[in-house]
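Okay, structure first, notes after.
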Protein chains: 2
Amino acid sequence: MSPRPVRAMDADEKVDRQARILEAALRLLSLQGISGVSMRAVAREAGVSLGLVNYHYEDKTSLIRAALRRIEELDIALVEPDPALEPEERLRAALKRVADPEFLTTEYLSLRLQLWALAQAHEDFERINTEAQKRYRAGLAALIQAARPELPADECGRRAADIDVIQNGLWLTALLGLDHASISRNVARCEEIALAGPPAAQRQD
Amino acid sequence: MSPRPVRAMDADEKVDRQARILEAALRLLSLQGISGVSMRAVAREAGVSLGLVNYHYEDKTSLIRAALRRIEELDIALVEPDPALEPEERLRAALKRVADPEFLTTEYLSLRLQLWALAQAHEDFERINTEAQKRYRAGLAALIQAARPELPADECGRRAADIDVIQNGLWLTALLGLDHASISRNVARCEEIALAGPPAAQRQD
DNA sequence: CGAGCGTCTGAACGATCGTTCAATATATTC
DNA sequence: GAATATATTGAACGATCGTTCAGACGCTCG
């Protein structure tokens, strides 16, 4: 199928041009927004010819769609349960993951933002974003349910929704500059929400 | 200066074309993102000729800059203190304002989102967004300080920062669909944060 | 070797972009 | 009413856009 990726490659990596094109598109989308993503700019950034971009990706739309799906993968991985831990620690680890330095990169946060912005403009992209968000929230609710089996499912959903809001605010605000103290406070708040005591009616002071 | 806006206007309002151009740009930005904002599209949407857009706005950049400043104005107005209320109620009113139906419009939320997305791509727009956010947070901190005069200033800043995160998450998440119950819960959470009891060291269970 | 196939290139096409500008329309001033 | 200033138009410019395509390259198989 592919022309043998073996053999000493000249520079660092000239194989798998399709992947390099996708990464170039992601880089441009993050740094310059959708206006900076032209087929020619992507080709230049990936070090390939213009024609090859249209060879591997039928459309500009297909290219961007592939880029958005890549972002979605990274997102979902955040709530992927760590099987080495017990349920409660597994949930805590997932909640802490949004404060990881590798997650709070400007490049990654900006990519997420551009995904949201594109979702407003293009119905096709909106579906990708909505489904990603739905999957993420479902993963979160499952983690909460596992850590607090006594909770009714809809209460887990409520808590997942509230945490989702705060986490969305966290990464969005992080784009203006990292305030690690504020991040820790909000991560702690998410843990409180997720692991709050009894499922009983909320207390009213 | 302007050619007498009196006289019976033909349709509904054909005067103040500059304002209509700006509103057309905002409408397009909200509905289609930055890719949908071309000088020609703006002219068509505003019902004026192409040349007039470049007459009232030197650049495309100037036009978008004006649009972003308009969004900023709407944002800041949210924390504008209501002089008819006492400090604590004034703060509560400001915090509740983000749940107002007129604020949770898709058009307005999408505009905000596009502002953030543009800020990532263009240094000039980034400055506008950063300053708007700074002014908003300062207004929030001032409201908290007025409602809780015994708090040290930096504690007010911390609370404003935390509330800002949650509110950013609120409007961003609202773009996926309005979950009024979740919104109320988060508004309540913001009130708790802002009006929390003593400024003493936080309790540790 | 030559036919076949997947990969890759760069020129070319028509469409659209932002910007400029001469010309016209409208309002203000004397 | 002429003169002037302001507002408005639409054609035209060069640049860039997404897409297409004929051809070249490298590899495998008979």
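Protein chains get the first letters and strands the later ones, always in sequence-line order, with residue 1 at the start of each.
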Inset, instruction - For R112(A) and D75(A), indicate whether the former's side chain and the latter's backbone hold a donor-acceptor pair under 3.5 Å. - result: no
Legend entry - Residue-level proximity of residues 113-128 of chain B to DNA chain C when a heavy atom falls under 4.0 Å: none
Inset, instruction - Report, as yes or no, whether the 6.0 Å neighbourhood of atom CD on E86(A) holds more than 12 heavy atoms from other residues, nucleotides or ligands. - result: no
Inset, instruction - Going by the side chain to side chain contact (heavy atoms under 4.5 Å, CB included) test, name the single residue among I128(B), T130(B), N129(B) that passes it with E126(B). - result: T130(B)
Inset, instruction - Send over the distance from D16(A) CG to dG6(C) C1', rounded to a whole Å. - result: 14 Å
Legend entry - Electrostatic pair E72(B)-R135(B), nearest N-O below 4.0 angstrom: yes
Legend entry - Where A117(A) and Q114(B) come nearest, the two heavy atoms and their spacing: O-NE2, 3.3 Å
Inset, instruction - Taking only Lys NZ, Arg NE, NH1 and NH2, and the carboxylate oxygens of Asp or Glu, determine whether K134(B) and E131(B) approach each other closer than 4.0 Å. - result: no
Inset, instruction - Output all residues satisfying side chain to side chain contact (heavy atoms under 4.5 Å, CB included) with E80(B), sequence neighbours left out; order by chain, then residue number. - result: I76(B)
Inset, instruction - Would you indicate whether the side-chain heavy atoms of E88(B) and R148(B) approach each other to under 4.5 Å? - result: yes
Inset, instruction - Could you tell me whether a side-chain N or O of Q32(A) sits under 3.5 Å from a main-chain N or O of V37(A), the two making a donor and an acceptor? - result: no
Inset, instruction - Measure from CD1 on I21(A) to P on dT7(C) and round the result to the nearest Å. - result: 12 Å
Inset, instruction - Could you list all the ring-ring contact (aromatic ring centres under 6.0 Å, His included) pairs where at least one residue sits in residues 117-162 of chain B, not counting sequence neighbours? - result: H122(B)-F125(B)
Inset, instruction - Under 4.0 Å from any atom of DNA chain D, heavy atoms only: list the residues of residues 36-45 of chain A that qualify, in numerical order. - result: V37(A), S38(A), M39(A), R40(A)
Inset, instruction - Measure the acute angle between the ring planes of W171(A) and W116(A), then classify it against the limits of 30° and 60° as parallel, tilted or perpendicular. - result: tilted
Legend entry - Smallest separation among heavy atoms of A160(B) and I144(B), with atom names: N-CD1, 3.9 Å
Inset, instruction - Mind running a 4.0 Å heavy-atom check of residues 47-66 of chain B against DNA chain C and sending the residues that fall below it, in number order? - result: L50(B), N54(B), D59(B), K60(B)
Inset, instruction - Could you state the atom-to-atom distance from CD of Q32(B) to P of dC17(C) in whole Å? - result: 11 Å
Inset, instruction - State plainly whether the residues E73(B) and R69(B) are in salt-bridge range, i.e. N to O under 4.0 Å. - result: no
Legend entry - R17(B) side chain near dT6(D) phosphate (N/O to OP1/OP2, under 4.0 Å): no
Legend entry - Degree of bending in the helix from dC1(C)-dG30(D) to dC30(C)-dG1(D) once both end axes are built from five pairs, to 10°: 0°
